[in-house]
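Fair warning: this is a prediction, and the values are worked out from it, not measured in the lab.
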Amino acid sequence: NSAYEFGLKYVFITDLDHKVIFSDKAEFNGRVLTDTVPLPGSSSVVRLTDWSGERVFESTLPIENKAGARLGFLQAGISTEPVDNIIRDTVRSAAWAVLAALVVAVALTVFFTHRALAPIAQIAEASRAVARGDLTQRVPLTRWDEVGGLERSFNDMVKGLNERERMRDLFGR
């Protein structure tokens, strides 16, 4: 009853001319099977076929006596449904995994981009305030990379502007 169990779809025992001697499907008894595979030596063949109206793995085995003389063939068809179900479930699981990875990648991209650009937004806002004449602006030093260097340079610039303004005020008196 499992979706992963192979089900036997048909069994044929034929003579050397592929005339059905016995079958679990009575309508084939006495008929000659035309879609067959030649078997060299004592080998067997497994193939994927749909001659019976549904996809099956068909196994053909020679039937031989003790002396090795071939008497006929055994053909059995086994449902491909379990393999199809495994493929479907694997593809579905892979699609969900890719979707989850994509969501995580987008979320991390947004998080790290915001984290990287937040100090630059602070510097831009503080620059606008300095341009309006507010020389009390400072940006917090949060990093030690290039952005941190920009934060330090901004604070040094505002400090220099403050000193220049104080000097102008002193010389003005």
Side-chain angles (χ1 to χ4, degrees), residues 1-126 139-152:
N1 295 337
S2 169
Y4 304 107
E5 289 182 16
F6 287 93
L8 187 63
K9 295 298 181 177
Y10 57 81
V11 174
F12 300 121
I13 296 177
T14 67
D15 61 14
L16 292 174
D17 296 323
H18 298 287
K19 182 178 179 181
V20 177
I21 299 169
F22 171 80
S23 173
D24 64 332
K25 298 189 179 290
E27 65 269 18
F28 284 96
N29 287 332
R31 288 179 47 189
V32 175
L33 300 178
T34 56
D35 188 11
T36 59
V37 178
L39 296 178
S42 294
S43 65
S44 61
V45 173
V46 176
R47 68 179 179 156
L48 181 62
T49 183
D50 62 355
W51 70 264
S52 65
E54 63 181 305
R55 283 177 11 122
V56 295
F57 295 114
E58 183 178 81
S59 176
T60 304
L61 306 143
I63 299 173
E64 299 175 346
N65 64 14
K66 286 186 181 184
R70 187 171 288 177
L71 305 173
F73 303 98
L74 169 69
Q75 276 183 246
I78 299 172
S79 172
T80 62
E81 190 175 348
V83 174
D84 296 338
N85 290 339
I86 289 171
I87 291 170
R88 180 201 66 225
D89 293 347
T90 302
V91 168
R92 186 177 292 151
S93 296
W96 280 112
V98 166
L99 182 63
L102 183 63
V103 167
V104 168
V106 168
L108 288 174
T109 300
V110 168
F111 172 75
F112 285 116
T113 301
H114 177 72
R115 187 169 183 262
L117 295 179
I120 295 173
Q122 286 178 333
I123 293 170
E125 181 59 36
V139 292
L141 300 176
T142 59
R143 303 180 41 173
W144 292 100
D145 57 3
E146 291 81 6
V147 174
L150 183 60
E151 291 168 339
R152 285 185 293 282

Next on the checklist: Take a 6.0 Å sphere around CD of E146 and say whether it holds more than 12 heavy atoms from other residues, nucleotides or ligands.
Outcome noted: no

Checklist entry - So with a 6.0 Å cut-off around CD of Q122, is the heavy-atom count from everything else above 12? => result yes

[atom1]/[X] to [atom2]/[Y] distance, rounded to the nearest 0.5 angstrom?
| X | Y | atom1 | atom2 | result |
| --- | --- | --- | --- | --- |
| T109 | H114 | OG1 | NE2 | 14.5 Å |
| F6 | T80 | CZ | OG1 | 8.5 Å |
| I21 | L71 | CD1 | CG | 9.0 Å |
| E58 | Y10 | CD | OH | 3.5 Å |
| R55 | L48 | CZ | CG | 5.0 Å |
| H18 | T34 | NE2 | OG1 | 10.0 Å |

Indicate yes or no for a side-chain donor-acceptor contact from [X] to the backbone of [Y] under 3.5 Å, with no hydrogens or angles considered.
| X | Y | value |
| --- | --- | --- |
| D15 | D17 | yes |
| S23 | V11 | yes |
| S43 | L39 | no |

Next on the checklist: Looking at every non-hydrogen atom in both residues, tell me the closest pair between L16 and G72 and how far apart they are.
Outcome noted: CD2-N, 3.8 Å

Next on the checklist: For a quick test of reading the model, state the closest non-hydrogen atom pair linking V139 to A126 and the distance between them.
Outcome noted: CG1-CB, 3.8 Å

Checklist entry - Passes side chain to side chain contact (heavy atoms under 4.5 Å, CB included), V56 versus W51? Steps please. => result CA-CA 9 Å; V56 295; W51 70 264; 5.6 Å; no

Would you say the side chain of [Y] lies within less than 4.5 Å of the side chain of [X], judging by non-hydrogen atoms?
| X | Y | result |
| --- | --- | --- |
| K19 | T14 | no |
| R143 | P119 | yes |
| Q75 | T36 | yes |
| F28 | L33 | yes |
| N85 | R88 | yes |

Next on the checklist: Please evaluate residues I13 and V20 with respect to the criterion side chain to side chain contact (heavy atoms under 4.5 Å, CB included), reporting the C-alpha separation (whole Å), side-chain torsions for both, the decisive distance (0.1 Å), and the verdict.
Outcome noted: CA-CA 6 Å; I13 296 177; V20 177; over 6 Å; no

Item to check | Trace of the side chain to side chain contact (heavy atoms under 4.5 Å, CB included) decision for D35 with R47 | outcome: CA-CA 12 Å; D35 188 11; R47 68 179 179 156; 3.3 Å; yes

Checklist entry - Quick one: ring pair (Phe, Tyr, Trp, His ring centres under 6.0 Å) pairs with a partner in residues 76-97, sequence neighbours left out? => result none

Next on the checklist: Between F57 and K9, is the side chain to side chain contact (heavy atoms under 4.5 Å, CB included) condition met? List the steps.
Outcome noted: CA-CA 10 Å; F57 295 114; K9 295 298 181 177; over 6 Å; no

